[in-house]
Amino acid sequence: MRRLLTALALAIVGAVMLAGLAGLPRPGDPAAPVHTHVAAHIVAHGVEDTGSRNLVTAVLLAYRAYDTFGEVVVIFAALAAVMVVLAPAAAPPPGKTAPPPSPAPAVAPSPVVGFVIRLLAPFIAAFAALVLWHGEALPGGGFQAGVILGALLVLLSVVMGRGLEQPLVPAAAARWLQAAGPLAFAAAMLIGLAGAGAVLGLPAEPAWGRHAVLLLLELGIGLGGAAIILGLYLQMRGH
Amino acid sequence: MEHLLPLAAALPLVAAALLPAVAWRRPDAAWGWAVAVGAGLLGIVGLLLRRLLQDGPFSYAVGGWAPPWGIELRFDALSAFSLGIALVGVAVLVFSGRYAQAAVPPQRRAWYYSLLLVNLGGLVGFACAADLFNLFVCMELVSVSSYALVAAGGGRIAALAAFKYLVAGAVSSLLVLFAVGILHALTGSLNMADVALRLADVEARGPVLLALGALTAGFMVKAALFPLHLWLPDAHASAPSPVSAVLSALVVKLGVLGLARVLPLFAGLDWLVLAPLHEGLAWLGAIAIVAGALAALLQEDLKLMLAYSTVSNIGYIVLGLGLATPLAMTGGLVHVFYHALIKATLFLAAGAIIHQAGFRTLRDLRGVGRAMPWTGVALSLGVLAIVGLPPTAGFLGKWYLLLGALEAGRPGFAVALLAGALLIFVYYLRILNAFYFRAPLREQILAVREAPLSMLLPVMALALLCLLGGLFGSGPVALAALAAARLAGGG
């Protein structure tokens with residue numbers, strides 16, 4: 001009975017939502033407001049305004065950089081949330097500062113897998129760097145590069161058996177790297193204030209200034225994202 | 001000077017990310033860092049408020065990108081709630097120093113303060129947002145940190161409550177995002193003023209109605225408006241007490257502020273009549289006042305009682321918005337601010353008592369008022385204020401609401417309002433009776449000592465604000481009246 005009611009309620013809500021959506025402009029309609037108002041302005045002026053040939057980056061890191069700053073902090077908050085919920089609740093016993101070692105994986109990864117991953121590691125890292133560097137011109141950027149780099153760090157941690165007690169990135173450095181995203185935005189805020197007269201503005205002088213700011217943001221987002229992914233993995237490994 | 005507007009939210013957010021790194025070698029630095037950031041936030045908000053009072057509302061184009069191309073921030077009468085955020089934030093951060101030592105495991109403490117700062121930054125950003133997507137991002141900052149903070153103290157009940165909160169909150173966030181997407185598809189813009197302008201030319205009625213419905217439902221869940229309040233009591237009662245204070249005083253107000261921000265977007269449509277929506281909100285508000293108060297009456301657990309009282313008080317605020325007369329909306333909005341101060345006082349005082357005594361039900365806590373005289377006084381002041389006795393802070397909102405209900409020619413709502421106040425009076429009498437006039441049931445209560453100064457000071461300061469709030473209420477009332485006029489004027 002209860003299931004029937006739930007299904008009924010869902011069907012009604014779904015029908016109302018679909019009916020409402022039916023009135024939206026057709027996807028891909030060139031005359032739709034999404035294509036004629038703000039987007040049209042950005043397509044027309046984005047490259048010139050921001051110096052980035054990738055308009056997605058122009059929106060993400062210039063026009064709507066403040067939102068991206070918020071998103072980066074949301075990603076950091078996700079890490080903080082996992083830490084605050086999963087970090088051991090009991091204090092370590094006196095005399096013992098290190099937490100008990102997390103259990104080793106039940107099945108050791110095969111030496112072939114370990115070898116291949118270590119062999120591929122420099123290439124994956126290079127690819128991450130390329131995605132980051134080219135984010136300004138091609139599809140890509142800090143978020144994507146961060147995920148690639150983070151996945152690499154997780155893979156390496158798995159095949160090398162590195163857990164919380166012996167992480168790939170030393171814990172003190174990891175704390176700073178995890179803050180890299182918000183920190184890069186803080187720097188960009190101050191640079192914008194000094195160079196463009198507005199928080200998060202792109203400096204007009206020198207000519208390479210705005211490229212440098214965009215690259216700094218990409219770098220912060222990428223490194224921070226990778227460090228956070230590794231942190232999430234390490235914290236959840238024991239559970 | 002005007003650059004302070006984007007920095008108001010950015011300061012706590014960046015400081016939050018840095019905190020675990022700063023506190024890595026010296027865990028004791030976490031508290032000092034957080035309190036310093038809270039004080040900085042209070043200073044910035046004070047400067048912004050001074051500018052608002054001198055020159056009126058002002059905007060900031062982040063990055064120099066003029067709206068609607070870029071993100072606009074706006075500090076207006078509604079954003080003045082930032083003062084409440086900063087005041088409660090500082091009090092909670094100071095209070096957390098001793099409290100977290102006992103209630104939050106050491107390895108979680110830095111992250112706990114970090115999440116509190118994220119929460120405060122998100123709240124300030126939300127109050128100053130003039131862009132729909134920015135509003136959503138700030139809401140997510142607040143929500144994600146709130147879910148985790150509920151579970152920060154550990155324990156199975158808290159984890160379960162946090163999960164329930166997460167599910168309800170995620171659904172409401174998705175509803176809001178869904179509506180923002182529809183509005184963007186209809187208008188091609190995200191800037192609120194621009195959306196309001198362009199929405200007037202939109203011919204398709206279905207999507208507009210859907211967006212309005214999704215926004216209203218989403219923010220109603222965030223505000224825990226009856227009957228969508230089911231996630232609230234457990235989450236607010238099982239969280240660490242300073243977190244309960246933030247959640248009850250500030251985070252539920254997000255839903256109310258959100259409603260007050262987005263409803264005017266639809267006011268310019270000549271085919272859309274908002275009156276039925278207002279009527280529905282007024283009814284839900286009135287029901288929430290009585291139902292929340294009745295539920296609170298039945299609780300034995302001190303914090304659960306306060307949590308249900310929040311459901312009741314959100315009812316007052318929404319009733320004010322629903323009645324939609326200038327006086328009623330003024331009352332509702334001024335109560336947004338003062339309820340924040342009062343509920344923070346109550347939750348922090350209750351937290352201090354539970355922390356010192358180790359009990360949390362009224363039966364077990366009998367006689368504790370005499371063992372902790374100063375905290376008892378603060379709690380009593382908060383109680384008087386929440387009942388709405390003049391000249392305390394709680395009086396103003398209810399008085400204007402009463403006038404507004406009569407002005408609207410709806411004496412029925414005035415009766416609900418008074419009935420709610422009466423019920424509140426009864427259940428707070430229960431608290432005072434248990435704390436002062438009943439013989440202790442537990443002998444440990446006799447040995448309970450007054451809370452340490454770092455807990456007592458923020459509680460007393462907030463209690464003093466509750467007491468004086470009514471006497472010096474002309475400023476907040478004037479700001480609330482301004483915001484109400486803007487709401488009613490549809491711009």
Side-chain angles (χ1 to χ4, degrees), chain A residues 16-17 19-25 32-42 45 49 62-67 69-71 73-74 76-78 80-85 87-92 99 171-172 175-176 178-179 181-183 185-186 189 192-193 196-202, chain B residues 3 6-7 10 13-14 16-18 20-21 24-25 60-65 68-71 73 105-108 111-112 114-115 118 121-122 125 131 133-134 137-138 140-141 144-145 147-149 151-152 154 159 162 182 184-190 198 204-207 209-211 213:
Chain A
V16 168
M17 286 181 139
L21 286 182
L24 283 181
V34 242
H35 300 303
T36 56
H37 185 42
V38 174
H41 175 92
I42 289 173
H45 301 98
D49 278 357
Y63 290 109
R64 302 195 67 86
Y66 191 66
D67 276 350
F69 165 62
E71 297 291 359
V73 181
V74 168
F76 172 83
V82 167
M83 299 300 281
V84 97
V85 176
R175 293 283 177 274
W176 289 101
Q178 285 157 357
L183 210 55
F185 273 95
M189 283 178 194
L193 206 51
V199 169
L200 279 175
L202 293 177
Chain B
H3 301 298
L7 296 182
L13 293 179
V14 173
L18 286 178
W24 176 248
R25 295 258 174 260
Y60 189 85
V62 183
W65 310 109
W69 323 127
I71 296 174
L73 305 179
Q107 298 187 2
R108 300 181 177 183
W111 301 101
Y112 163 84
S114 178
L115 284 169
V118 170
D131 182 284
F133 194 73
N134 189 231
V137 169
C138 292
E140 279 312 277
L141 282 169
V144 169
S145 49
Y147 308 145
L149 280 170
I182 294 175
H184 183 245
L186 288 175
T187 63
S189 181
L190 287 168
R198 294 174 64 87
R205 297 187 175 186
L209 286 173
L210 184 58

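Computed from heavy atoms alone, side chains included, the values below leave out hydrogens, waters and symmetry copies. Chain identifiers are assigned alphabetically (A, B, ...) following the order of the sequence lines, protein sequences preceding nucleic acid strands; residue numbering begins at 1 within each chain.
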Legend entry - Closest approach of Ala204(B) to Gly23(A) (non-hydrogen atoms, all atoms of both residues): CB-O, 3.3 Å
Legend entry - For the student: nearest non-hydrogen atoms of Arg64(A) and Asn134(B), plus distance: NH2-N, 4.1 Å
Legend entry - For chain A, the option from Val118(B), Leu141(B), Ile182(B), Val144(B) that forms the most heavy-atom pairs under 4.5 Å: Leu141(B)
Legend entry - Point-to-point distance, once rounded to the nearest 0.5 Å, from CD1 of Ile71(B) to CG of Leu200(A): 8.5 Å
Legend entry - Under 3.5 Å: donor-acceptor pair, side chain of Tyr66(A), backbone of Leu73(B): no
Inset, instruction - Tell me, for Arg205(B) versus chain A, whether the close heavy atoms (under 4.5 Å) come from the side chain, the backbone, both or neither. - result: neither
Inset, instruction - Check whether Ala171(A) gets within reach of chain B through its side chain, its backbone, both or neither, counting any heavy atom under 4.5 Å. - result: both
Legend entry - Minimum heavy-atom distance between Ala185(B) and Val34(A), given as atom pair plus value: O-CG2, 4.1 Å
Legend entry - Contact winner vs chain B - Gly20(A), Gly192(A), Ala186(A), Gly201(A), heavy-atom pairs under 4.5 Å: Gly20(A)
Legend entry - Interface moiety of Leu24(A) toward chain B, non-hydrogen atoms closer than 4.5 Å: both
Legend entry - Leu115(B), part contacting chain A, at a heavy-atom distance under 4.5 Å: side chain
Inset, instruction - List the atom of Pro33(A), the atom of Arg198(B), and the distance in Å for their closest heavy-atom pair. - result: CB-NH2, 4.3 Å
Inset, instruction - For each of Gly122(B), Gly70(B), Pro20(B), Ser114(B), tally heavy-atom pairs with chain A at distances under 4.5 Å, and name the one with the top tally. - result: Pro20(B)
Inset, instruction - Take the angle between the ring planes of Trp65(B) and Tyr63(A) and call it parallel below 30°, perpendicular above 60°, tilted in between. - result: tilted
Legend entry - Distance, nearest 0.5 Å, that separates CZ of Phe76(A) from CG of Leu18(B): 8.0 Å
Inset, instruction - Go through Gly181(A), Ala172(A), Pro182(A), Gly197(A) and name the one with the most non-hydrogen pairs under 4.5 angstrom from chain B. - result: Ala172(A)
Inset, instruction - Please flag which part of Ala196(A) lies under 4.5 Å from any non-hydrogen atom of chain B: side chain, backbone, both or neither. - result: neither
Inset, instruction - Give, as side chain, backbone, both or neither, the part of Ala77(A) having an atom under 4.5 angstrom from any heavy atom of chain B. - result: both
Inset, instruction - Pick one of side chain, backbone, both or neither for Ala62(A), based on which atoms fall under 4.5 Å of a heavy atom in chain B. - result: both
Inset, instruction - Could you grab the distance from atom NE2 of His37(A) to atom CH2 of Trp69(B), nearest 0.5 Å is fine? - result: 5.5 Å
Legend entry - Heavy-atom check, side chain of Val199(A) versus side chain of Tyr60(B), under 4.5 Å: yes
Legend entry - Stepwise side chain to side chain contact (heavy atoms under 4.5 Å, CB included) test for Val38(A) and Leu190(B): CA-CA 9 Å; Val38(A) 174; Leu190(B) 287 168; over 6 Å; no
Legend entry - Closest-packed option against chain A by number of heavy-atom pairs under 4.5 Å, given Ala10(B), Ser145(B), Ala17(B), Gly121(B): Ala17(B)
Inset, instruction - Answer with side chain, backbone, both or neither: which region of Met83(A) has an atom nearer than 4.5 Å to a non-hydrogen atom of chain B? - result: both
Legend entry - Heavy-atom pairs under 4.5 Å with chain A, option from Ala211(B), Ala61(B), Ala148(B), Pro207(B) with the top count: Pro207(B)
